[in-house]
Amino acid sequence: MTTTIRLHNTRTRQTEDLVPLIPGKVRMYVCGPTVYDRAHIGNARPVVVFDTLFRLLRHIYGAEHVTYVRNFTDVDDKINAKAAQTGRPIRDITDETIGWYHADMDALGALRPTHEPRATEYIGAMIAMISDLIDRGHAYAAEGHVLFDVRSYADYGKLSGRSVDDMIAGARVEVAPYKRDPMDFVLWKPSDDTLPGWDSPWGRGRPGWHIECSAMSKALLGETFDIHGGGIDLQFPHHENEIAQSCCANHSGQFANIWMHNEMLQVEGKKMSKSLGNFFTVRDLLDQGYPGEVIRFVYLGTHYARPMDWTHEKATQAEGTLRKWRALTKGAQPGQVADAVVAALAGDLNTAGALAELHRLAGEGDAAGLLASAQLLGLLLPELGGWDEAGVDLAPWVNRLAGLRAEAMETKNFAPVDALKTALMAAGLEVRMSKAGVELLPGPGFDVGKLPVLE
RNA sequence: GGCGGGUUGGCGGAGAGGUUACGCAGCGGAUUGCAAAUUCGUGAAGACCGGUUCGAUUCCGGUACCCGCCUCCA
């Protein structure tokens with residue numbers, strides 16, 4: 001445990017050493033998806049980023065000393081809307097969506113977190129926390145709602161660098177009449193008979209958005225823990241509100257130590273949006289033939305704190321690199337993880353730097369080191385492979401090409417060789433002919449159906 | 001309007017106050033029936049204007065442009 005991990009803490013705006021609150025153990029919470037639809041490729045970025053951090057933490061502290069919690073938000077008005085629209089039970093929708101999520105994130109090589117709590121299983125904990133906040137004078141009930149009193153928490157706005165007064169000045173939120181302050185946010189809201197609801201001291205209702213993360217992190221990690229992650233778009237209001245709730249409900253007044261935020265993702269230089277037609281789910285990309293490993297490689301190519309651009313060009317390059325590396329490490333056993341790779345990751349999760357080290361290892365022909373190091377990044381794992389193989393036995397084509405070539409060397413008529421070679425290349429094969437013989441390797445876009453028919 | 005982030009060679013994309021990032025593409029050589037692959041070598045940067053410094057792409061200030069959040073979208 002000689003490596004010290006340094007991480008940029010958005011709470012303090014500084015890059016800091018990770019010093020676990022409990023020596024030798026690391027606890028991390030990351031905001032997970034609202035389960036009403038397939039995850040899009042923007043949703044997948046924090047998954048890959050924090051999975052990579054999870055892998056690094058396990059490498060350094062030992063797998064059994066790292067606890068990673070990522071929630072499923074399965075109570076939400078978007079889910080309610082979908083249920084109303086389709087007539088399906090909510091639980092059906094959320095169960096199905098969680099299944100999709102697991103399948104899609106598995107394809108990207110993301111490990112399952114230690115715990116994946118569902119919000120609906122922690123309603124009691126949320127109600128208890130809300131009651132506590134009321135008792136301590138940080139929240140109040142009004143017209144079936146319970147609201148958090150932002151004026152009761154002096155540090156409100158600190159995470160996102162805003163003051164309550166500034167926010168009110170620029171606010172575009174509609175102010176409900178029962179709010180004491182325009183910035184007060186909902187902890188609990190009433191449900192009518194058509195909506196899911198739970199009994200509470202304030203009547204039948206459902207939780208507000210932010211309280212679930214406060215309740216679940218406390219239940220599974222404790223009042224304080226080491227790392228809290230999520231997309232930068234969650235910094236305000238979600239994380240700001242989480243901090244307010246948790247710090248006011250916790251006796252220590254402390255919550256997560258290091259806050260990490262990943263930047264957003266664009267597609268071909270533009271914001272991903274349905275109206276621009278550049279909106280993709282992870283499943284869309286997988287169906288289009290981008291292997292999950294290739295998608296992961298593209299993500300790792302940009303530092304998590306910088307905006308990332310998804311482009312077809314990058315995916316093509318990533319695919320070529322991974323093909324090369326998979327060929328180089330074929331049959332090899334993982335050796336030692338390279339120090340330089342760990343050092344890069346330990347420096348605020350510099351995945352792009354780590355990939356550069358991988359290139360170096362590949363250049364040196366260190367298959368064992370490359371394999372072990374790549375696997376630390378969640379690449380070159382056996383379960384992510386297979387896409388780089390032909391899926392058919394290419395021996396008949398190899399033999400025919402070799403035969404024609406041998407003849408041509410005698411007759412000096414290379415036309416038949418070139419014709420076959422052209423056809424094979426058109427099918428997406430890479431054709432290598434050398435003194436040692438003929439080799440056919442599937443390249444990007446290889447299509448078995450386009451292979452020339454041999455007589 | 002408020003808050004935050006960014007601007008690096010043809011493209012992508014890092015680190016470091018002074019020494020080659022790296023990958024892809026390009027160019028030249030070797031190799032090849034031709035190619036591919038491989039291999040050797042090579043050119044190319046730090047938005048703009050100031051400041052600090054012996055020295056800044058790296059620190060500070062300003063300008064321009066881009067992006068995000070403030071609309072329960074990661």
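Letters go in sequence order (proteins before strands), and every chain restarts at 1.
- A sub-4.0 Å separation between OP1 or OP2 of B:rC24 and a side-chain N or O of A:Lys324 is present.
- One can place NE2 of A:His359 at 9 Å from C1' of B:rC24, the figure rounded to the nearest angstrom.
- Shown here, B:rG50 forms a base pair with B:rC60; the pair counts as Watson-Crick or G-U wobble because both key distances fall under 3.5 Å.
- Note on A:Leu441: nothing from the nucleic acid sits closer than 4.0 angstrom, heavy atoms only.
- Base pairing annotation: B:rU38 forms a Watson-Crick or G-U wobble pair with B:rA30, both donor-acceptor distances under 3.5 Å.
- Nucleic acid contact class of A:Gln235 (heavy atoms, under 4.0 Å, all strands): none.
- Checked options A:Phe185, A:Tyr140, A:Trp209, A:Trp188; the residue passing with A:Phe148 is A:Phe185 (criterion: ring-ring contact (aromatic ring centres under 6.0 Å, His included)).
- One C1' atom belongs to B:rA47, the other to B:rU58, and the distance between them is 16 Å to the nearest Å.
- Smallest separation of non-hydrogen atoms from A:Ala367 and A:Ala332: CB-CB, 4.0 Å.
- Using Watson-Crick or G-U wobble geometry with both donor-acceptor distances under 3.5 Å, B:rG68 finds its partner in B:rC3.
- A straight line from CG of A:Leu234 to P of B:rC70 spans 10 Å, rounded to a whole angstrom.
- A:His138 and A:Tyr153 form no side-chain donor-acceptor contact under 3.5 Å, judged by distance and modelled atom types alone.
- Residues satisfying the salt bridge (Lys or Arg N to Asp or Glu O under 4.0 Å) test with A:Arg70, not counting sequence neighbours, are A:Glu116.
- One finds no salt bridge joining A:Glu407 and A:Arg405 here, because no Lys/Arg side-chain nitrogen approaches an Asp/Glu carboxylate oxygen to under 4.0 Å.
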How does protein contact run along nucleotides 30-35 of chain B, one letter per nucleotide 5' to 3', with B for base contact, S for sugar-phosphate only, - for none, heavy atoms under 4.0 Å?
--SBBB
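- Spacing between B:rG13 and B:rA25 at atom C1', rounded to whole Å, works out to 14 Å.
- Distance, A:Phe236 CZ to B:rU71 P: 7 Å, rounded to whole Å.
- With both ends at atom C1', the span from B:rG68 to B:rC11 equals 24 Å, rounded to whole Å.
- Contacts of A:Lys189 with the nucleic acid, taken as non-hydrogen atoms under 4.0 Å apart, include base atoms.
- Classified by interplanar angle (parallel below 30°, tilted 30° to 60°, perpendicular above 60°), the ring pair A:His261/A:His239 is tilted.
- To the nearest 0.5 Å, the span separating OG1 on A:Thr120 from CZ on A:Arg206 amounts to 14.0 Å.
- Rounding to the nearest 0.5 Å gives a distance of 8.0 Å between CD1 of A:Ile295 and CD1 of A:Ile41.
- Atom CG in A:Asp233 sits about 14 Å away from atom C1' in B:rG5, given to the nearest Å.
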Readout for nucleotides 6-19 of chain B: B = base within 4.0 Å of protein heavy atom, S = sugar-phosphate only, - = neither; 5' to 3' it is SS----SSSS----
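- The base-pairing partner of B:rA45, taking Watson-Crick or G-U wobble contacts with both distances under 3.5 Å, does not exist among the strands shown.
- Note on A:Asp76: nothing from the nucleic acid sits closer than 4.0 angstrom, heavy atoms only.
- For B:rG41 and B:rU20, the P atoms lie 15 Å apart once the distance is rounded to whole Å.
- Remark: B:rG12 base-pairs with B:rC22; criterion is Watson-Crick or G-U wobble with both hydrogen-bond distances under 3.5 Å.
- Taking the C1' atom of each, B:rU8 and B:rG2 are spaced 30 Å apart, rounded to whole Å.
- Between A:Phe225 and A:Tyr29, the ring planes lie tilted relative to each other; the angle falls in the 30° to 60° range.
- The same atom, C1', is picked in B:rA44 and in B:rU39; the two are 22 Å apart, to the nearest Å.
- Here B:rG23 presents its P atom at 13 Å from CG of A:Leu370, a figure rounded to the nearest Å.
- Between the CD1 atom of A:Ile232 and the C1' atom of B:rA74 there is a distance of 11 Å, given to the nearest Å.
- Distance noted for atom C1' between B:rG51 and B:rA56: 12 Å (whole Å).
- Atom C1' of nucleotide B:rC3 and atom CD of A:Glu263 are separated by 14 Å, given to the nearest angstrom.
- The backbone N or O of A:Lys314 lies less than 3.5 Å from a partner atom in the side chain of A:Thr311, making a donor-acceptor pair.
- At whole-Å resolution of the value, CH2 in A:Trp310 and C1' in B:rA74 are 17 Å apart.
- For the C1' atoms, the distance from B:rU57 to B:rC3 is 28 Å, rounded to whole Å.
- Nearer the 5' end of RNA chain B, as judged by each residue's closest nucleotide, is the contact made by A:Ala305, out of A:Ala305 and A:Met272.
- The ring of A:Phe280 has its center no closer than 6.0 angstrom to the ring center of A:His40.
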